[in-house]
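Single-structure report; data block below.
Every heavy atom of this structure was used, including side-chain atoms; hydrogens, water molecules and symmetry mates were not. Remember, it's a predicted structure, so these values are computed and weren't measured experimentally. So that the names make sense, note that chain A is the first sequence line, chain B the second, and so on, each numbered from 1.
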Amino acid sequence: MKYIGKGYPIHDAENKAKGKAIYAGDMSFGKMLYIALLVSDYPHAIIKSIDVSEALKMPGVVEIMHCFNTTKKGFSRYNTTNNIKVAEQERIFTDHVRFVGDRIGAVIADDPVNAKLAVKKIKVEYEKLPFAENIATALTGVIDTMHPEGIINECELTVGEKQVVCAGDVTFHTQTDIDRISHIAMEPHSCTAYYDEGMHQLTIWSPNQSVYGMRYTVANFLDMPFNKVRIIKTTMGGSFGCKQECILEPVIGYIAKCLKQPVQLSMTRSEAMLSTLCRAPIKAEAEAIFCENGKLKSLEINNSLDAGAYLGSSSVYVKTIGEMMVRNYNFPYLHYIGRSICTNMPVSGGFRGWGTPECTMIMEHIMDKAAKLLNIDPIDIRILNAIQPQEFDPITHATFDESRLVACLKKGQEIFAWEERREKSKKSKNGRYKIGVGMACGGHINGHYPGKPDFSRVEMGVNEDGSIYINVTLHDHGCGTVRAMQIIAGEVLGIDPDEINVGEGDTFITPVDVGCYASRTIHVIGAAVEKCARALIDEIINQASRILDIIPNELQYENGIVSHKRNHSINISLRQIAIEVHYRYQKSIDVSINHISNSNPAVHGAHFAQVCVDSYTGFVQVEDYLAVHDIGRVINPEICVAQIEGAIQMGCSIALSESMTPKNSGTGRAVSSLKDYHILNAFDSPHINVVFIEDPCNFGPFGAKSIGEVSFVPVSAAIVSAVNDAMDSDWNTIPLTPDRILEWIHSGEETNDR
Amino acid sequence: MIVNCNVNGKNVNLTSIAPDRRLIDILREDLLLKGTKEGCGEGECGACTVLMDGKAVNSCLILACQLNGHEIITIEGLMQGGEMDVLQKSFIENGAIQCGYCSPGMILSAKALLMTIPDPTDEEIRNAISGNICRCSGYNQIVRAIKSASKEYLVKKSNNDKDE
């Protein structure tokens, strides 16, 4: 390989290092207006009146929009394609607020600070309504009439045949409790928009994961023709899922259309935490049956998810938690009931892994528990139940292709010196500091196939100097997918990746695409780019054939040169071909292809963690961490490792400290400040070792599979496993905060005393 | 009020400015230095870090009334003679940049560290950037970048000393 596997900085690293990268909130067009949101202070209320008289007197205020002077039309942040039809419960500004942070109105002013100051002067009269801070309260019926469609959505999933308990089988019950968390992408949500009156055209610049998805929602909401709505993806300061749903775009689109001036909306951290989306809390109960030899026989799961104030993507998300169960282990019987329940808390939505980390928390805890009950090593029980290469997903019936779960487990077992560490950890149980060694594995996907449409269009051509352009609808989240496409095309064409330009999503320029989520970017769009580059070589040879007057079969292409197969002295460079074709044949050298994905191989990570629990303070330190990944092919190793380490840092943080649940219940106000929402910092980050198993799969660019989400999937489960090993406990609640651990230690002591 | 300060080597005279206007708003809105990023507005994330008289500060916590006579360096002021600072290059070369939103603040925190401790240990580096949150990485590439920049500074310094 010439470029794949070498290691490159991400494409815009220099601009970012210089502070020159332009994010949506950095854009500026002459006379800009700035939007500051007015949001609800109450978790559930009807707005009786709004008094803007004082706010209008504030300096720089241009306009105040709110629920009584704007459209009452509804939308759903999740309806980004024609095949998703969630109830349109949300309004841009509502007079029926359903959570603290719900949008009531906005001040538009000449300066962002002036806009924020004016918001504080608006007086809102609320008629308070009963509210539910959690599922248990919601199920008492107090908010049953909050949405006309009701507040509960249920799904059911069955795989295999019901099993009966036999002699020797073990049966047990587990409970999983996962808290509400926030994505904390470092760039809070932001967008800029402009409505061109003469052209009747709306342009929105936003960091999003699907320009075409945003266009679908915005154009429908504003009743505008699609050809008059232009969405441009901007440099994205991280997403982790928080920028995948259509939340601010309809709001800013509406305001821009009314004011016909460039407008910008940059959220504060508090707004980004409360008023966009978060990962839902879940509570899951499971009943498991294992055979004496460790084979999983039956699993029945009952899972409830707190959707927050609007349904959004939650009914699909909760279903996915069940569906993803089958991507690691074989199930003779799986029965899953998932329920999403609306409450008066921030809206739940997509988060890195889309339900799989939650599914993994449930499943891996069950595996650990079965291993303990049956006295089998945790790795051995997983190997026994692991899916095998070329088996099929029992739900989608797509092939798992070159699944390497067992290889990941065995490799990790060896590198982490698993047996040795487990033995050592057993000996640390008497002192204050208890060492724990745990592990978890996770499986994920590579795109939408076969459940949803999964295609990509790519156009590629040669510039007059022999450099290459690629026109494709990418949405780089900041993890280097633009660079990956340069490397993939560079490898096919034998051209330095820096000589290849790759566009990002713009509905007026780049071709239609289903968006950068579901870990489809490398596997699906990357495959499309590879295919297109190969088609471009054919076209280059065809054009060279015309110029040289030699039949294409006699010619070969290598590293930007077309030469005669037998007489290399007859050759022509890309630059010469491009110029000749432009001026002699009056055309450009370009091709375009449509790639329809027909694969969704299994992709895995086996993660191993060593923790030290201070039984006096309850503090958990992650001391050492190993991640082994079945990745198919590593395109850009350095950034790939950085991304995996980021996933581990995030997963550790979520397992140990992150929570949006307010300390004092009763206000309905979720945690919305980094003072109270604790993220592990550079000082807390563990020593991490990342190992790849590179067996290219039969699909994807050069056999590459996904990594961004799967690397995050097993982390929290691995930390819980290690803490349980340290404490000889059976917890499956996160975050494992010092307070919580101390409480458990003390309650355990009381039990022992009795 | 009137504020006189120095930003990136240039004297800046801010007339009729509200005493409680935050430094980050002055930099971004009044001086159009958009390289300084706001991540939390309460001094918890470090994205808005700038140098004030050589020390790393959160520009969201500094007000106009505290600026008179002080020297501010933002990420835009780190380049010299069109050349990137060693730290900027090192961040790029070591894969320490992903989404980039924390990078300006992270680089300036590192700069403040290396100005006082030219050859820091890993622990000193982690301590110096413990107020800067990165959500994309596990900080290891960042620590490596700072370490490698410190070595390069030392080589540069010893070459300069020899020249003198």
Side-chain angles (χ1 to χ4, degrees), chain A residues 7-10 12-23 25-28 111-113 183-188 235-240 266 268-270 477-480 625 638-639 641-650 652 673-675 677 679 681-688, chain B residues 18 21-22 25 28-29 32-47 74-76 78-79 84-85 87-107 123 125-143:
Chain A
Y8 292 83
I10 64 165
D12 55 355
E14 186 173 327
N15 262 345
K16 286 169 173 172
K18 289 175 169 174
K20 297 281 184 202
I22 297 176
Y23 299 80
D26 299 333
M27 298 181 73
S28 177
D111 176 280
V113 180
H183 306 72
I184 316 289
M186 288 315 295
E187 175 205 23
T235 307
M236 195 189 291
S239 172
F240 316 111
S266 290
T268 61
R269 176 58 59 193
S270 163
H477 301 192
C479 52
Y625 201 101
E638 216 167 306
I639 296 299
V641 168
Q643 189 183 14
I644 295 168
E645 291 185 357
I648 293 163
Q649 177 82 5
M650 183 182 267
C652 290
S673 155
L674 293 182
K675 284 197 193 308
Y677 189 88
I679 296 177
N681 64 12
F683 219 79
D684 307 311
S685 64
H687 171 265
I688 301 171
Chain B
R21 192 163 173 86
R22 304 177 309 164
D25 298 321
R28 287 182 56 86
E29 307 309 327
L32 299 176
L33 294 169
K34 303 277 187 178
T36 304
K37 306 295 178 202
E38 179 159 357
C40 71
E42 51 184 7
E44 291 288 329
C45 78
T74 70
I75 192 72
E76 290 91 347
L78 209 53
M79 291 186 44
M84 275 191 280
D85 190 90
L87 266 166
Q88 291 171 305
K89 285 186 203 159
S90 182
F91 266 63
I92 298 169
E93 284 157 13
N94 284 283
I97 293 176
Q98 289 187 58
C99 91
Y101 204 78
C102 76
S103 306
M106 194 70 83
I107 289 171
E123 194 168 324
I125 292 172
R126 285 182 186 273
N127 204 17
I129 58 166
S130 62
N132 294 77
I133 297 173
C134 164
R135 196 65 155 165
C136 297
S137 81
Y139 297 95
N140 294 324
Q141 294 72 23
I142 294 169
V143 172

Under 4.5 Å from a heavy atom of chain A, the part of [X] involved:
X	answer
B/Arg22	neither
B/Glu38	backbone
B/Glu93	backbone
B/Tyr101	both
B/Ile133	both
B/Asp25	side chain

Report the distance from atom [atom1] of [X] to atom [atom2] of [Y], rounding to the nearest 0.5 Å.
X	Y	atom1	atom2	result
B/Asn140	A/His687	CG	NE2	7.5 Å
B/Cys136	A/Ile639	SG	CD1	10.0 Å
A/Asp12	B/Ile92	CG	CD1	10.0 Å
B/Arg135	A/Met650	CZ	CE	4.0 Å

So which residue, [options], ends up with the most heavy-atom pairs under 4.5 Å with chain B?
options	result
A/Ala185, A/Pro112, A/Ser239	A/Pro112
A/Glu638, A/Lys20, A/Glu187	A/Glu187
A/Gly19, A/Ala642, A/Ala13	A/Ala642
A/Glu14, A/Gln643, A/Lys675	A/Lys675
A/Pro9, A/Gly480, A/Ala17	A/Ala17
A/Asp684, A/Ile184, A/Ile22	A/Ile184

Interface residue of largest heavy-atom contact number with chain A, from [options], under 4.5 Å:
options	value
B/Met79, B/Arg28, B/Met106	B/Arg28
B/Cys134, B/Ala128, B/Ser130	B/Ser130
B/Ile129, B/Asn127, B/Ile142	B/Asn127
B/Pro104, B/Gly43, B/Cys40	B/Cys40

Quick one: what part of [X] sits under 4.5 Å from any heavy atom of chain B, side chain, backbone, both or neither?
X	result
A/Ser266	neither
A/Phe240	side chain
A/His183	backbone

May I have the step-by-step check of side-chain contact (heavy atoms from CB on, under 4.5 Å) for A/Ile679 and B/Glu44, ending in yes or no? CA-CA 10 Å; A/Ile679 296 177; B/Glu44 291 288 329; over 6 Å; no
pair [X]-[Y]: side-chain heavy atoms closer than 4.5 Å:
X	Y	value
B/Cys45	A/Arg269	no
A/Val113	B/Arg21	yes
B/Ser137	A/Glu645	no

Quick check against the 3.5 Å criterion: does B/Glu42 have a side-chain atom that pairs as donor or acceptor with the backbone of A/Leu674? yes
Backbone N or O of B/Cys99 within a donor-acceptor pair of the A/Lys16 side chain at under 3.5 Å? yes
Closest non-hydrogen atom pair, A/Tyr23 against B/Gly100: OH-C, 3.1 Å
Assess the residue pair A/Asn681 and B/Arg126 against the criterion (side-chain contact (heavy atoms from CB on, under 4.5 Å)); give the C-alpha distance rounded to whole Å, side-chain angles, the decisive distance to 0.1 Å, and a yes or no. CA-CA 9 Å; A/Asn681 64 12; B/Arg126 285 182 186 273; over 6 Å; no
